[in-house]
Every structure is written in C-alpha cells, then in structure tokens.
Amino acid sequence: MNMTRRQFLENCAKVSSMVFGSCVFTNEVAEGFTRLSESKRPQLIFIQSQCCTGCSISATYGNEEDFINFISNIVRLQVHPNLSFSQGTDYMRSIIEVSNSGPFYLVCEGSVPARMKEACIFNDEPMYDYLHKLMKKAAAVVASGTCACYGGIPASNQNVTGAIPIDEYMRRMKVNKPLIKIPGCPINPDRLLGTVAYIVATGKIPELVKGVPKKYYPDLIHNQCGRYQAFNQGHYTKNFETEKLNCLLKNGCRGPVTYSDCPTRRWNGKVSVCIESNAPCIGCIHQEFPFRTALYLEEESFKDLTWSEMKKQMEK
C-alpha cells in the first residue's frame, strides 16, 4: 500500500494521539516508522489457548488504527489461527519458520489450563507444555484480553481446568521476557494495536501500572462517566425503557471499581460504549472479572450501605 507524505503523517498523528493522548509526539513516531521502513518490519505471532476468539474479532474493528493498515504498514502478521490460510502441518511450519527467523512479538489470547492440560491441545501437545518454548524466543509477550491477563471466564468459579493467566504461566515456566497486559472482554482494538505500534516505533515498553499501559487504564470509569452528574444528584435508573441518562450504579454498574478509558475511547469506530447504550458496566477489565456474584447486582445489594461499602460489594 503506497501512502503520500500527508497520509503518512496523518497516520503517525493518529498513533501519537492513540498512545499519548495528543499529537505532540507525531514527529518522533514518524521518525521511528521511517527507520522501521528501512529494515524489516517486526513479525507478529498470535496464539490462542482457552478463549472464545472474541479479542481477535474485536481487533479487526479498529478505532484509530485500521487493522489492515496496521498489519500492512507497521508489522508483519505472520501467523494467526483465525486469519492464516495455512492449517495443520503448514500452520505449524509457519510458526517454526517465523520463531527461528529473527525477533518477533508474541500475542497470547486466553488462559492456560495447568491442571487439565488436555483441555487445550496444540499440535498434538498440551498448550501448557508448548507455549513456553515459543515465549522464550519472543522479543516480548502481549497478553491480549482478560482471560490472558487474569484468567477470565475459564478461571472463574469451579475452575476444573486449573486455568491460569499468562504472567502466572511465565513464572511457573521461568520465562523472563517483557510482558504487557491488555485486559478487556474483549479488548478494545486501540489498546492492542496502539501498544504494539508504540513498541515498534520507539523500541520501548510503554509506561505500565500493574502490568497494563497507564495510558489506556488511567482512571476509574465512574470518574469519567457521562452520567457522573446524575450520580452526584442521586438520580438512579429504575426504568431502563424511559430513563436513559440516570446513573446505573444501583443497577449493578461496576464502573466505580474498574480502571479504563472506555467512556472517552469508546468502541466500534468510536460509536458508543456500554453505559451510553444504557447497560451497566460489567467490569470486564477488572482483574476479578467475571466476579463471584451476579453479573448485575440488584439495588437491594446496596441498601443502607456507605459509598466505600458499596465499592467493596462491587469487587466481590
């Protein structure tokens, strides 16, 4: 794909805005990609364990950075279980060739079954026994989605498979490589593509807080919510059909305990976000998701509780 200089700078400005929150680093990003164009673009391998593929599907619906543009101009997507034409033996051959040909970034989706290893088989071998071999060759590992970051749904409640997140797996297998967590069920495409683009352009890992990029998870959803004023005034939703602007806290919204920029970044081409669609936040980015209580807590759960007590209730 050929781009004019104007189009190139516009794309660099988008990456700067997506990663840093402003266009101030456009020139630095442009310089990084110029150097990159003079050498081979870094290779990318996606691999999936216990997951529903939702994060890969979400990644193709980019907001700031189109997925096709991303894999055409920023990285070389060499192997992806859903997008690769090759299957079976040819697919495995592709993984081996890429992992032996030079630096690559490994994007992991899903948790890893540690107790019932046969719950996820990869090339006739349990994923638990295979994945660390690939990780040790990678330049860096990206945990894509809440399942990979914290265990998610496979690790919830009666976790008969012994599902564990990627960081725990790396500790057990003694893999010492940079790890960036991009939680979400599914991920927001900006956060995955922006993180990889930043690493490629700067050669650095973005500033992390508890393993996640600070830029994308800076504050509680509650504090950025468009219904915050309704919360301050004590206006809570009682009828979803007629009340579209009232606070959803007493309908089980977990925005007060979940750190994310969802209200400002939005989803699906910046069209909307859960709360704007009159649905309480389910806290899919929270490390305890899907929690041990009901998906949506009922108003009775908060009766006669203080604000701090309500927050504790939402984190259960």
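Just so we're clear, the structure is a prediction, and the values are computed from it rather than from any experiment.
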Check your understanding: Can you say whether the rings of Tyr128 and Tyr169 are parallel (under 30°), tilted (30 to 60°) or perpendicular (over 60°)?
Key -> perpendicular
Check your understanding: Between Gln224 (side chain) and Ser260 (backbone), is there a donor-acceptor pair under 3.5 Å?
Key -> yes
**Study point:** Donor-acceptor under 3.5 Å (Thr202 side chain, Lys204 main chain)
**Key:** yes
Practice item. First locate atom NZ of Lys133, then atom CD1 of Ile96, and finally report the distance between them rounded to the nearest 0.5 Å. Key: 10.0 Å
Practice item. Using distance alone, with no hydrogens and no angle criterion, decide if Arg227 and Asn278 have a side-chain donor and acceptor under 3.5 Å apart. Key: yes
Review point. Would you say Arg115's side chain and Ala163's backbone share a donor-acceptor pair under 3.5 angstrom?
Key: no
Exercise for review: Determine yes or no for a side-chain-to-main-chain donor-acceptor pair under 3.5 angstrom, with Thr258 supplying the side chain and Gly255 the backbone.
Suggested key: no
Review point. Is a salt bridge present between Lys311 and Glu315, judged by a nitrogen-to-oxygen distance below 4.0 Å?
Key: no
Point to revise | Flag for Lys137-Asn100: side-chain donor and acceptor within less than 3.5 Å | key: yes
Review point. What is the minimum heavy-atom distance between Met170 and Lys177, and which atoms define it?
Key: CE-O, 3.6 Å
Practice item. Give a yes or no on whether Ile182 and Ile205 share a hydrophobic cluster (residues Ile, Leu, Val, Met, Phe, Trp, Tyr; joining criterion: side-chain heavy atoms under 4.5 Å apart). Key: yes
Review point. So, for Gly283 and Phe289, which heavy atoms are closest and what is the spacing to 0.1 Å?
Key: O-CB, 3.3 Å
Review point. Is any side-chain heavy atom of Leu208 less than 4.5 Å from a side-chain heavy atom of Lys181?
Key: no
Practice item. Tell me, with the steps shown, if His286 and Tyr150 meet ring-ring contact (aromatic ring centres under 6.0 Å, His included). Key: CA-CA 9 Å; His286 196 284; Tyr150 306 126; 8.1 Å; no
Point to revise | Closest approach of Leu192 to Ala59 (non-hydrogen atoms, all atoms of both residues) | key: CD2-CB, 4.2 Å
Point to revise | Closest non-hydrogen atom pair between Ile45 and Leu134, with its separation | key: CG2-CD2, 4.4 Å
Revision key, fill the gap. Smallest heavy-atom separation, Lys316 atom then Thr293 atom, equals O-OG1, 3.2 Å
Check your understanding: Should Phe122 and Phe104 be regarded as members of a common hydrophobic cluster, given that ILVMFWY residues are connected when their side-chain heavy atoms come within less than 4.5 Å of each other, either directly or indirectly?
Key -> yes
Review point. Is there a side chain to side chain donor-acceptor pair (under 3.5 Å) between Ser58 and Arg191 once you walk through the steps?
Key: CA-CA 11 Å; Ser58 180; Arg191 298 174 188 144; over 6 Å; no
Exercise for review: Decide yes or no for Ile221 and Ile275: does some side-chain heavy atom of the first lie under 4.5 Å from some side-chain heavy atom of the second?
Suggested key: yes
**Study point:** Distance in Å, Ile166 CD1 paired with Met173 CE, rounded so as to fall on 0.5 Å steps
**Key:** 12.0 Å
Check your understanding: If you take all heavy atoms of Ile153 and Cys147, which pair is closest and at what distance?
Key -> N-SG, 4.0 Å
Check your understanding: Has the side chain of Ser111 got a donor or acceptor atom that lies under 3.5 Å from a matching backbone atom of Ile164?
Key -> no
Exercise for review: Step through it carefully: locate the ring centre of Tyr217, locate the ring centre of Tyr259, and say whether they are under 6.0 Å apart.
Suggested key: no
Point to revise | Single-linkage hydrophobic cluster, 4.5 Å side-chain cutoff, Tyr236 and Leu248 together | key: no
**Study point:** Ile282 and Cys185: CA distance, side-chain angles, deciding distance, side-chain contact (heavy atoms from CB on, under 4.5 Å) verdict
**Key:** CA-CA 10 Å; Ile282 61 174; Cys185 190; over 6 Å; no
Check your understanding: Going by distance alone, is a donor N or O of one side chain under 3.5 Å from an acceptor N or O of the other, for Asn159 and Thr161?
Key -> yes
Check your understanding: Taking the side chain as C-beta and beyond, is there a heavy-atom pair between Pro178 and Val141 under 4.5 Å?
Key -> no
Exercise for review: Can you measure from SG (Cys247) to OH (Tyr228) and round to the nearest 0.5 angstrom?
Suggested key: 10.0 Å
Check your understanding: Measuring from Phe46:CZ to Ser144:OG, what's the distance to the nearest 0.5 Å?
Key -> 6.0 Å
Review point. Parallel under 30°, tilted from 30 to 60°, perpendicular over 60°: which one fits the rings of His222 and Phe231?
Key: perpendicular
Practice item. Look only at the side chain of Thr237 and the backbone of Asn239, and say whether a donor-acceptor pair between them is shorter than 3.5 Å. Key: no
Check your understanding: Measuring from Tyr216:OH to Asn188:CG, what's the distance to the nearest 0.5 Å?
Key -> 9.0 Å
Review point. Does CG belonging to Leu245 count more than 12 external heavy atoms closer than 6.0 Å?
Key: no
Review point. After noting the C-alpha distance and the side-chain angles of Ile180 and Ile199, does the key distance pass the side-chain contact (heavy atoms from CB on, under 4.5 Å) rule?
Key: CA-CA 11 Å; Ile180 305 99; Ile199 296 171; 3.8 Å; yes
Review point. Do Gln43 and Ser101 have side chains that get closer than 4.5 Å, going by heavy atoms?
Key: yes
Practice item. Using atom types as modelled and distance alone, determine if a side-chain donor or acceptor of Lys270 lies under 3.5 Å from a backbone N or O of Arg265. Key: yes
Practice item. Output the distance between atom SG (Cys149) and atom CG (Asp167), rounded to the nearest 0.5 Å. Key: 8.0 Å
Review point. Taking the side chain from Ser56 and the backbone from Thr53, do they hold a donor-acceptor pair closer than 3.5 Å?
Key: no
Review point. Just by distance, with hydrogens left out, do Ser49 and Glu109 show a side-chain donor and acceptor under 3.5 Å apart?
Key: no
Exercise for review: Take Met135 and Leu179 through the side-chain contact (heavy atoms from CB on, under 4.5 Å) test and state the conclusion after the steps.
Suggested key: CA-CA 10 Å; Met135 286 178 167; Leu179 172 67; over 6 Å; no
Check your understanding: Tell me, do Leu249 and Met314 make a side-chain contact under 4.5 Å, heavy atoms counted?
Key -> yes
Review point. Can you tell if the side chain of Val107 reaches within under 4.5 Å of the side chain of Cys55, non-hydrogen atoms only?
Key: no
Practice item. Establish, yes or no, whether the cationic atom of Arg254 lies under 6.0 Å from the six-membered ring centre of Phe291 and within 45° of the ring axis. Key: yes
Point to revise | Asp261 side chain to Asp219 backbone, donor-acceptor under 3.5 Å | key: no
Practice item. Determine, stepwise, if the pair Glu243 / Lys238 fulfils side-chain contact (heavy atoms from CB on, under 4.5 Å). Key: CA-CA 7 Å; Glu243 298 171 15; Lys238 293 184 178 180; 4.2 Å; yes
Exercise for review: State whether the side chain of Asn123 and the backbone N or O of Glu125 hold a donor-acceptor pair below 3.5 Å, judged by distance alone.
Suggested key: no
**Study point:** Single-linkage hydrophobic cluster, 4.5 Å side-chain cutoff, Val257 and Tyr296 together
**Key:** no
Review point. Any side-chain heavy atom of Trp267 within less than 4.5 Å of one from Ser272?
Key: no
